[in-house]
Amino acid sequence: MSSNTDFILAIEDLTVSFDGFKAVDGLTLYINKGELRVIIGPNGAGKTTVLDLISGKTRATEGSIRFNNIELTKMKEHQIVRAGIGRKFQTPSIYGNLTVFENLELSYPYDRNVFGSLRFKRSQAVVEKIFEVAEEIFLEELLEKQAEFLSHGQKQWLEIGMLLVQDPELIMLDEPVAGMTAKERDATALLLKKIAKRRSVVIIEHDMGFVGKIADKVTVLHLGKIIKEGTMEAVQNDPTVKKVYLGH
Ligand code: ADP
Ligand code: MG
């Protein structure tokens, strides 16, 4: 067991084995506070499984995941959310029959504000938070719109907003721009950069053009292992990475 670190996330020797198949195989990965990290890699590389392991959806076979030096591998999913990790899945899970405002309100972590005994004060804080987030996710004019009538991209933003309302220290997003228009992708790049100013972000992404726009550092995963880590430029020029991508 290694000593405390300044990393927000320290993953060491992480392995998960499904019936003998190692989807993640001895992974060691460190994320700095305030960093925006992108994980790329061909289909089946183990990217989503890494997020499943961090969020407690899947149990590790071996290894350690520490968030602010707290070991996560024995914690339950809801405890990990409470510790400050928010995760967005590939498909949006919003409530179509509710408005944008109501979707955001539902995500507000009421139970953390136990001393808000004055009802009015409490709801005031909630409304302020919802307005602030709605503006960040480009939906401030659409708060009363029923969520099912939003565009695909707007639905993805709403789901990001539902995470932001909870103020997580670390946000993890699985292919956030899949299915978006070029314009929506550009807006999302801005949004993610803005989000990363106040917290750490881990993004899984396929779209290389998009990755180039946002990433501080890129980690390339292949068959559950890291084959390269560095700037987008370094990654793109790496012979092993080129081979893996050409092979697919
Ligand atoms: P990626 O997101 O990089 O495309 P995944 O993490 O979804 O890849 O999957 C990596 C590999 O692990 C795949 O071969 C997948 O079939 C396998 N896998 C993922 N989750 C499970 C599971 N719960 N049980 C068995 N195999 C799984
Ligand atoms: Mg995946």
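Counting begins at 1 with the first residue of the sequence. Order of appearance sets the numbers: ligands from 1, and atoms from 1 within every ligand. Because only heavy atoms are used, hydrogens play no part in the values below, and waters and symmetry mates are left out as well, while side chains stay in. In this text, all values refer to a predicted model and were calculated from it rather than measured experimentally.
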Without placing hydrogens or testing angles, list every side-chain donor-acceptor pair under 3.5 Å for residues 136-148, not counting sequence neighbours.
{"residue": "Glu136", "atom": "OE2", "partner": "Arg198", "partner atom": "NH2", "Å": "3.3"}
{"residue": "Gln146", "atom": "NE2", "partner": "Glu148", "partner atom": "OE2", "Å": "2.5"}

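Between Arg87 and Asp52 there is a salt bridge, since at least one side-chain N of the basic residue sits less than 4.0 Å from a carboxylate O of the acidic one. For Glu159 and Lys88, the salt-bridge test passes: some basic side-chain N is under 4.0 Å from an acidic carboxylate O.
When every heavy atom of Leu29 is checked against every heavy atom of Ile226, the shortest pair comes out as CD1-CD1, 4.1 Å.
With a cut-off of 2.8 Å, the Mg ion (ligand 2) has no N, O or S atom of Asn43 in range.
Residues meeting the side-chain hydrogen bond (donor to acceptor under 3.5 Å, both in side chains) test with Lys194, sequence neighbours left out: none.
Checked against a 3.5 angstrom limit, the closest N/O atoms of Ala45 and ligand 1 fall inside it. For ligand 1, the polar-atom distance check finds no N/O of Phe21 at less than 3.5 Å from any of the ligand's N/O atoms. For ligand 1, none of its N or O atoms has an N or O atom of Phe18 under 3.5 Å away.
Within the structure, the closest approach of Gly41 to ligand 1 does not fall below 4.0 Å when heavy atoms are considered.
For ligand 1, the atoms closer than 4.0 angstrom to any heavy atom of Asn43 are 4 (O).
Looking at Ile39 and Ile203, their side chains never come closer than 4.5 Å, going by heavy atoms from C-beta outward.
Considering each of Leu223, Thr49, Leu221, the one bringing a non-hydrogen atom nearest atom 19 (C) of ligand 1 is Thr49.
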